[in-house]
Student: 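Attaching a single structure in structure tokens format; questions to follow.
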Amino acid sequence: MTKIAIFGVGLIGGSLALCFKGRDGMTVVGHAHRPESAARYVSRGVVDSATLSFEEAALGADFIFLCVPVGKLEEYLHRLSELPLKDGCIITDVGSTKAGIAHCAKALDLGGATFIGGHPMAGSERSGVEAASSLLFENAYYVLTPQPGASEDAYLALHSLLQHTRAHIVRMDPERHDEIVGAISHLPHVIAVALVKQIHDYDDEDSLYSTLAAGGFRDITRIASSDPVIWRDILLSNRSVMLELLQDWNRGIERFMGLLETSDGDGIQRAFAEAGDFRGRLPERRKGIITPLFDLHIDVPDHPGIIGRIATELGDRGINLSNMQIIESREDVPGILRLSFRQEKDWERARELLQHQDYTVYV
Ligand SMILES: NC(=O)C1=CN([C@@H]2O[C@H](COP(=O)(O)OP(=O)(O)OC[C@H]3O[C@@H](n4cnc5c(N)ncnc54)[C@H](O)[C@@H]3O)[C@@H](O)[C@H]2O)C=CC1
Ligand SMILES: O=C(O)C(=O)Cc1ccc(O)cc1
């Protein structure tokens, strides 16, 4: 039996557990740091067993996944280094930053165990085991950062296990990972939070700001609703990279202010054209680190119960709806009900179903 231990069965740990549980010859043990969590992991069918004992989860494990907030990873790795782990045990983590934990692992004596850093580059603003899904990592990138000179067999064993996530594995150096992921994921999260705060401050003076900000503004700031503790730890762990990125950001904003101060219309036009051009060349059908929502807009006749009926019809067919919104203004979107899906497959099935029922569906 291959024993897989998951420390921290939340969004990411729970999703990994679901990718492994029930596979031939595998047993998944979840470690919980609170008694009420352990019972929830098992009752939701995410793990085969759950324990509050660090030792019971770790001892005899072939693979150990550390899926706790970044600020707790080093403490967990220290505790593991003090245990008589199974010879050949592979320890990995899922933290959103990689340099700090790589540095920590290098300084520790893990005996016959090997540490290989990891980062599944998919997730959402939700957290906790309730949000876990076996499909979360499908088609996403999954970065592994093995230490230089680490056992190639261990790398291949982890690589092989992770095939169950259906993610694309990419091997990378931890520092390079933190610079790139800092720019494409951590920076957008900071910008989203700052943008929401700016509008919140205006809204305190005049509540029309939030009234009119529905729809698009909510979409582009979705990631500002991410878990505060998870993101505190990520940003503090990637602090030096973030400070440099934010200086570049400030310079970009200052350039934009310069264009406005000098009423440089050509400059503004060029900035939009260049951004549109680069954006147009980004891979489209790939799952990126910030998860898109797949939207459908439909015209619905104005009579009671129709929205409930649509939700029920989708639910009856197992089509997972992530969000539903009535758009009151028809100025920019030709439709009235917006349905959002996290999976493209759900989006496609919903479109077929609704078109078949003669709803006008705008894609
Ligand atoms: N949220 C996301 O979309 C992604 C998160 N990650 C990384 O995955 C890790 C886990 O994040 P999520 O699953 O989103 O968070 P989560 O909040 O859903 O899960 C965290 C788990 O750690 C446990 N935990 C929380 N505080 C703890 C503490 N003080 N001591 C011990 N255990 C504690 C919780 O009980 C929970 O089981 C983080 O390191 C994060 O950087 C990686 C990729 C995506
Ligand atoms: O909510 C989103 O789309 C995200 O950006 C999810 C996410 C959060 C943290 C990561 O390290 C990777 C992905």
Side-chain angles (χ1 to χ4, degrees), residues 5-18 29-42 44 46-47 50-52 54 57 65-80 92-101 117-133 136-137 140-145 165 167 170 177-178 180-193 218-238 242 287-294 322-323 340 342:
I6 312 250
F7 286 79
V9 188
L11 169 71
I12 301 299
S15 299
L16 282 170
L18 286 169
V29 181
H31 173 264
H33 76 303
R34 286 203 223 97
E36 64 276 17
S37 311
R40 240 172 53 241
Y41 298 171
V42 180
R44 295 190 71 86
V46 174
V47 292
T51 174
L52 292 168
F54 203 91
F65 284 82
L66 299 179
C67 306
V68 291
V70 167
K72 283 275 153 194
L73 288 173
E74 295 192 14
E75 178 193 320
Y76 273 53
L77 201 53
H78 271 279
R79 285 179 73 183
L80 290 176
T92 185
D93 75 312
V94 298
S96 305
T97 56
K98 296 274 57 81
I101 191 72
H119 179 201
M121 303 222 317
S124 82
E125 76 285 6
R126 297 188 293 167
S127 58
V129 67
E130 292 73 19
S133 155
L136 187 66
F137 311 117
Y141 287 109
Y142 195 129
V143 172
L144 290 180
T145 58
T165 64
V170 186
H177 166 278
D178 287 3
I180 297 174
V181 171
I184 60 167
S185 170
H186 308 167
L187 182 63
H189 278 76
V190 172
I191 294 168
V193 168
R218 265 183 74 91
D219 293 353
I220 64 162
T221 55
R222 174 184 60 79
I223 52 178
S225 299
S226 301
D227 186 86
V229 170
I230 293 289
W231 279 91
R232 173 199 67 193
D233 287 4
I234 293 173
L235 296 176
L236 290 177
S237 160
N238 209 14
M242 289 315 295
K287 193 160 167 186
I289 188 163
I290 297 183
T291 321
L293 289 179
F294 296 95
S322 151
N323 207 347
S340 302
R342 284 185 191 269

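Order of listing sets the numbers, starting from 1, for every ligand and every atom in it. The basis for the numbers below is simple: all heavy atoms, side chains too, and nothing from hydrogens, waters or symmetry mates.
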Student: Kindly compute the distance separating CZ (Arg342) from OG1 (Thr291), expressed to the nearest 0.5 Å.
Tutor: 7.0 Å
Student: With a 4.0 Å cut-off on heavy atoms, is Ile230 in contact with ligand 1?
Tutor: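 Yes, that is the case, since the closest heavy atom of the residue is under 4.0 Å from the ligand.
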Student: Assess whether a salt bridge exists between Arg218 and Glu125, defined as any Lys/Arg side-chain N lying under 4.0 Å from an Asp/Glu carboxylate O.
Tutor: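 So Arg218 does not pair with Glu125 through a salt bridge.
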Student: Report, in ascending order of atom number, the atoms of ligand 2 lying under 4.0 Å from any heavy atom of Ile290.
Tutor: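 Within the 4.0 Å cut-off of Ile290, ligand 2 contributes 3 (O), 5 (O).
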Student: Non-hydrogen atoms of Tyr76 versus ligand 1: any pair closer than 4.0 Å?
Tutor: yes
Student: Looking at SG of Cys67 and CG of Asp93, how far apart are the two atoms once the value is rounded to the nearest 0.5 Å?
Tutor: 8.0 Å
Student: Where the closest heavy atom to atom 22 (O) of ligand 1 is concerned, which of Gly10, Gly118, Ser96, Pro69 has it?
Tutor: Pro69
Student: For Arg126, is there an ion pair with Asp227 - N to carboxylate O distance below 4.0 angstrom?
Tutor: no
Student: Below 4.0 angstrom from a heavy atom of Ala122, which ligand 1 atoms are there? Numbered from 1 as shown, please.
Tutor: 43 (C), 44 (C)
Student: Specify the protein heavy atom at minimum distance from atom 7 (C) of ligand 1: its residue, its atom name, and the distance to 0.1 Å.
Tutor: Val94 O, 3.3 Å
Student: If we set the cut-off at 4.0 Å for heavy atoms, which region of Tyr141 has an atom near ligand 2: side chain, backbone, both, or neither?
Tutor: neither
Student: For atom 9 (C) of ligand 2, find the nearest protein heavy atom and state the residue, atom name and distance (0.1 Å precision).
Tutor: Trp231 CZ2, 3.6 Å
Student: Quick one: look at Ser124 and ligand 1, take heavy-atom pairs under 4.0 Å, and tell me if it's side chain, backbone, both or neither.
Tutor: backbone
Student: Can you list the atoms of ligand 2 that are under 4.0 Å from a heavy atom of Ile223?
Tutor: 1 (O), 2 (C)
Student: Look at atom 21 (C) of ligand 1 and find which of Gly71, Cys67, Ala131, Ala32 reaches it with the closest heavy atom.
Tutor: Cys67
